[in-house]
Protein chains: 2
Amino acid sequence: MDRSGGRARHSGDLIAALSGRNLAHNLHSDVLWDMGFAIVSGQYAQGSILPPDTELLDRFRVSRTVLREALKTLAAKGLIEARARIGTRVLPRNRWNLFDADVLAWHFELGPEVSFLQSLAEVRIGIEIEAAALAAERRTDEQAKLLLAAVDRMAAASTPEDFARHDLDFHKAVANASGNPFMASISALVEMALTAAFTISSPVNEPEALIQTVAVHRAIAQAILDKNPQGAREAMRIAIAEGFARAAGRMEGV
Amino acid sequence: MDRSGGRARHSGDLIAALSGRNLAHNLHSDVLWDMGFAIVSGQYAQGSILPPDTELLDRFRVSRTVLREALKTLAAKGLIEARARIGTRVLPRNRWNLFDADVLAWHFELGPEVSFLQSLAEVRIGIEIEAAALAAERRTDEQAKLLLAAVDRMAAASTPEDFARHDLDFHKAVANASGNPFMASISALVEMALTAAFTISSPVNEPEALIQTVAVHRAIAQAILDKNPQGAREAMRIAIAEGFARAAGRMEGV
DNA sequence: ACAGGCAGATAAGTATGACAATATTGGGCG
DNA sequence: CGCCCAATATTGTCATACTTATCTGCCTGT
């Protein structure tokens, strides 16, 4: 009965808005988010069978076309798999594409767990450390300039949103300078982590933290400028670890 | 005119077969692979607009349902974005989900470039090094046992396929022991890299290389057993770098 | 009693034609 | 000359019918 047409929007919208991604509001995306969240939140257990088409059709009051396209989207992200006569099965989590922006967003909708933020920080450390090191080896002068500019904008930011945006720009610039397409491809992940972290606590509100965060990022940029891979690695590790520590401290402490 | 029903299958099938993944053969997956490959191969340039539904319908001789589900799948993987009245646009590569198994497979269909293999090795180094370090900190005794068993099976493998399978098992076991769900989620990537590498040159055929490869993997397992993160990091880096070097050397050097 | 295949039932896959929503483009009106 | 609106092209949604795959269980032949 709670299926009134205009229910509250997903937290994913915040992230989409921040990133300038389109958030077209079509029926199929409604169904998609509903089902995606239901699966990620465990409402449909891994390995279980979803209700058959007919039942879902009745529940969502949409056409078969819409439902099936939503399910196909979930299948494309590795959440489900359909088989004739059996039904549509929820796949085990290790088949899910956790690097997908939507799948990540659904995870955040059930409240960012500290353990999840930590997992995120760990992958970021792995990938972005290498990206920084590669950038230090391969950067062009042009790319180095962009990095320094991004740091300057971080230092000058006045609102948490501004800061987060420029922070993201910085990390994207590092990924680009690495010359490795995979590095650039995980910006969705970085974006989610940064958004989550800054939703919890932004350095902008704590002058001391702001100065330190900017300093660490400037150290990364400098190491890349100096073509110093090892220095870039270490600085990047500190930047990510500190960002996570601040958010985690804020969540547990207080 | 070349749209005869039973044309040669994609190289992706090899990988799917090796991984035991299902390869259902429905219409929509035909269209999906055709279009996916066309986009990845640059046949449809980034930022360009795909032909309208009507034209694609005519080209593939399928129903609108099938075509649209295939396009929705591509959209879910970040390759395209449809907008009313505008058409369906090919997104820039940095929006593509390169960690998706299908997208990866399409990249390999146009012949594995050395530069692409290198990019793959670089991300693997980033992620798997951290996974190994985390595994060294968090492993259970049970997980350690599985690791050693996988190494033993690698040493005893007699065919390239067997070796690749056990190698993959090993890397999956490390990812599992890390306790980080993201690490486990990239096994598709590792799988692709290993399959590609061993298609080019398997250590099984070179006794010396086999001994060395097994030794390095045993070193990883031992470091994790000893709860020695730094040792695990270094051994993992060597394992991946050597694997890539062997394949690359075989491709360029002859 | 058992093996094997044959048929029914169920759920996903495919087809088709019509209509709605949306955004660009160009023309008409102030 | 500029603004607004309508024509138009393209994707989005709907409803219904039919096809294919495959699991279950009966049924037959040995």
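Note that this is a predicted model, so its numbers are computed, not measured. Proteins get letters first, then strands, A, B, ... in listed order; numbering begins at 1 in each. Scope of the values below: all heavy atoms of this structure, side chains included, with no hydrogens, waters or symmetry mates.
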key: Along DNA chain C (nearest heavy atom to each residue), the more 5'-positioned of A:Pro51 and B:Ala84   = A:Pro51
key: Residue A:Arg89 excluded, over 12 heavy atoms near CZ under 6.0 Å   =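 For A:Arg89, atom CZ is not crowded (no more than 12 foreign heavy atoms under 6.0 Å).
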query = Around B:Glu113, counting heavy atoms of other residues, nucleotides and ligands shown, do more than 12 lie under 6.0 Å from its CD?
reply = no
Measure the distance from [atom1] on [X] to [atom2] on [N] and round it to the nearest whole Å.
X: B:Ile49; N: D:dT11; atom1: CD1; atom2: P; result: 9 Å
X: A:Leu71; N: C:dA11; atom1: CG; atom2: C1'; result: 13 Å
X: B:Leu57; N: D:dT10; atom1: CG; atom2: P; result: 13 Å
X: A:Asn26; N: C:dA20; atom1: CG; atom2: P; result: 18 Å
X: A:Arg89; N: D:dA21; atom1: CZ; atom2: P; result: 20 Å

query = Hey, does B:Phe108 have a side-chain heavy atom less than 4.5 Å from the side chain of B:Val40?
reply =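 When only atoms from C-beta onward are counted, B:Phe108 and B:Val40 do not touch, as no gap falls below 4.5 Å.
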task = For C:dA12, take OP1 and OP2 only and decide whether either is under 4.0 Å from a side-chain N or O of A:Thr88.
result =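 Answer is yes, contact under 4.0 Å.
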For the base of [N], is there a side-chain donor-acceptor partner from [X] under 3.5 Å away?
X: B:Arg83; N: C:dT22; result: no
X: A:Arg64; N: C:dT14; result: yes
X: A:Ser63; N: D:dA15; result: no

query = With under 30° as parallel and over 60° as perpendicular, where do the rings of A:Phe99 and B:Phe99 fit, or are they tilted in between?
reply = parallel
key: Residue met sooner reading DNA chain D from 5', once B:Thr54 and A:Thr65 are mapped to nucleotides   =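 Between the two, 5'-proximity favours B:Thr54.
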key: Ring-ring centroid check A:Phe116 B:Phe182, cutoff 6.0 Å   =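 Ring-ring flag for A:Phe116/B:Phe182: true, centres closer than 6.0 Å.
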Of all the nucleotides listed ([options]), which has the minimum atom distance to the side chain of [X]?
X: A:Arg85; options: D:dA9, C:dA12, D:dT24; value: D:dT24
X: A:Val66; options: D:dT13, D:dC23, D:dT11; value: D:dT13
X: B:Ile86; options: D:dT11, D:dC23, C:dA23; value: C:dA23
X: B:Leu27; options: D:dG12, C:dA15, D:dC14; value: C:dA15

